[in-house]
Amino acid sequence: MNILIIKLSAIGDVIHALPVSYAIKETYPEARVTWAVEPPARELLVDNPYIDDIIVFEKKKFKASLRGFWEHFWPLREKLRDGHFDIALDLQGLGKSAALAYFSRATHRYGTADMREGSGWVSKPVRG
């Protein structure tokens with residue numbers, strides 16, 4: 001089983017989401033867990049035994065120009081598709097994280113209960 005966790009930014013938010021990777025690996029030790037994150041929080045995930053791979057989303061490069069967007073979009077999309085994800089967990093609940101969940105082509109996409117910016121159209125909200 002291949003699982004993509006999407007929690008992109010805010011170092012504190014990424015820290016608070018770390019138990020998700022632990023819970024997945026404890027429950028499904030054979031699962032391959034990939035985390036999509038922005039550069040400032042990447043170092044929090046490096047060498048974590050509960051995370052198998054990291055996809056870095058460099059938002060600044062996408063915002064630089066239309067040309068910059070297209071140059072960085074295709075490689076990111078391919079990296080997401082190459083993961084062959086069964087599940088995408090959008091813990092961010094925003095438009096940018098929804099786009100990553102969508103382009104991952106994950107069979108199942110789940111998000112937070114308070115999704116915004118249209119992310120609820122991409123992922124199914126999980127309510128407690």
Side-chain angles (χ1 to χ4, degrees):
M1 174 179 346
N2 292 324
I3 300 173
L4 174 64
I5 297 172
I6 306 166
K7 188 65 166 175
L8 299 171
S9 58
I11 291 172
D13 290 348
V14 172
I15 289 170
H16 283 112
L18 283 172
V20 173
S21 61
Y22 170 79
I24 291 168
K25 285 290 197 169
E26 287 296 307
T27 307
Y28 305 102
E30 76 288 349
R32 177 162 182 78
V33 175
T34 300
W35 195 304
V37 68
E38 289 181 22
R42 179 187 176 279
E43 288 303 312
L44 297 170
L45 307 177
V46 173
D47 296 326
N48 183 317
Y50 304 106
I51 300 169
D52 299 298
D53 195 15
I54 300 168
I55 296 175
V56 179
F57 173 65
E58 299 187 62
K59 182 175 71 173
K60 287 182 182 179
K61 291 183 179 180
F62 280 80
K63 288 184 166 186
S65 67
L66 185 57
R67 180 179 178 179
F69 174 85
W70 287 114
E71 285 177 359
H72 294 93
F73 171 76
W74 299 110
L76 176 63
R77 186 186 81 153
E78 289 308 307
K79 186 158 185 132
L80 288 165
R81 288 183 175 184
D82 288 348
H84 303 284
F85 297 108
D86 301 297
I87 299 171
L89 301 175
D90 180 359
L91 304 181
Q92 197 83 32
L94 297 174
K96 62 185 177 181
S97 57
L100 296 182
Y102 177 80
F103 287 113
S104 76
R105 290 186 167 175
T107 308
H108 304 283
R109 296 184 303 258
Y110 301 100
T112 62
D114 62 342
M115 294 185 292
R116 299 167 292 189
E117 300 176 3
S119 58
W121 294 348
V122 174
S123 300
K124 180 181 178 180
V126 176
R127 303 197 193 302

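Because the structure is a prediction, the values reported are computed rather than measured. Values below: every heavy atom of this structure, side chains too, minus hydrogens, waters and symmetry copies.
Between Ala17 and Leu91 the shortest heavy-atom distance is CB-CD1, 3.9 Å. Val14 and Ser9 make their closest contact through CG2-O, 3.8 Å (heavy atoms, listed as atom of the first residue, atom of the second, distance). The two residues Glu58 and Pro39 have their closest heavy-atom pair at CG-CG, 3.8 Å. Nearest heavy-atom pair, Thr27 versus Ala23, reported as atom, atom and distance to 0.1 Å: OG1-O, 2.8 Å. Among all heavy-atom pairs drawn from Arg81 and Phe103, the shortest one is CG-O, 3.5 Å. Listed here is the closest heavy atom pair of Ala106 and Arg109: O-NH1, 3.7 Å.
Applying the side chain to side chain contact (heavy atoms under 4.5 Å, CB included) test between Val33 and each of Asn2, Ile24, Ile87 identifies Ile24 as the sole match.
Atom CZ of Arg105 is separated from atom CG of Leu4 by 14.5 Å, given to the nearest 0.5 angstrom. Separation of atoms OG (Ser104) and CD1 (Ile6) is listed at 6.0 Å; rounding is to 0.5 Å. Between Thr34 atom OG1 and Ile51 atom CD1 the span is 9.5 Å, to the nearest 0.5 Å. Atoms NZ and CG, on Lys7 and Leu18 in that order, are 11.0 Å from each other to the nearest 0.5 Å. In this structure, Asp13 CG and Gln92 CD are separated by 6.5 Å, a value rounded to the nearest 0.5 Å. The distance from atom CZ of Arg42 to atom CH2 of Trp35, rounded to the nearest 0.5 Å, is 14.0 Å.
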Practice prompt. List the steps and the verdict of side chain to side chain contact (heavy atoms under 4.5 Å, CB included) for Ile55 and Leu100.
Written response: CA-CA 10 Å; Ile55 296 175; Leu100 296 182; over 6 Å; no
Discussion item. Could you walk me through whether Val37 and Ile54 satisfy the side chain to side chain contact (heavy atoms under 4.5 Å, CB included) test, starting with their C-alpha distance in whole Å, then the side-chain angles of each, then the deciding distance to 0.1 Å, before giving a yes or no?
Written reply: CA-CA 7 Å; Val37 68; Ile54 300 168; 3.8 Å; yes
Practice prompt. Please report the C-alpha distance between Tyr50 and Glu26 in whole Å, then the side-chain angles of each, then the deciding distance to 0.1 Å, and finally whether the side chain to side chain contact (heavy atoms under 4.5 Å, CB included) criterion is met.
Written response: CA-CA 9 Å; Tyr50 304 106; Glu26 287 296 307; 4.0 Å; yes
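Ion pairing of Lys96 with Glu38 is present here, as a side-chain N (NZ or NE/NH1/NH2) and a carboxylate O approach within less than 4.0 Å.
Contact of the Ile5 side chain with the Asp90 side chain is not registered, since no non-hydrogen atoms from C-beta on lie closer than 4.5 Å.
In this structure, Leu89 is a member of the same hydrophobic cluster as Tyr28, with clusters built from ILVMFWY side-chain heavy atoms closer than 4.5 Å.
Asp86 and Thr107 form no side-chain donor-acceptor contact under 3.5 Å, judged by distance and modelled atom types alone.
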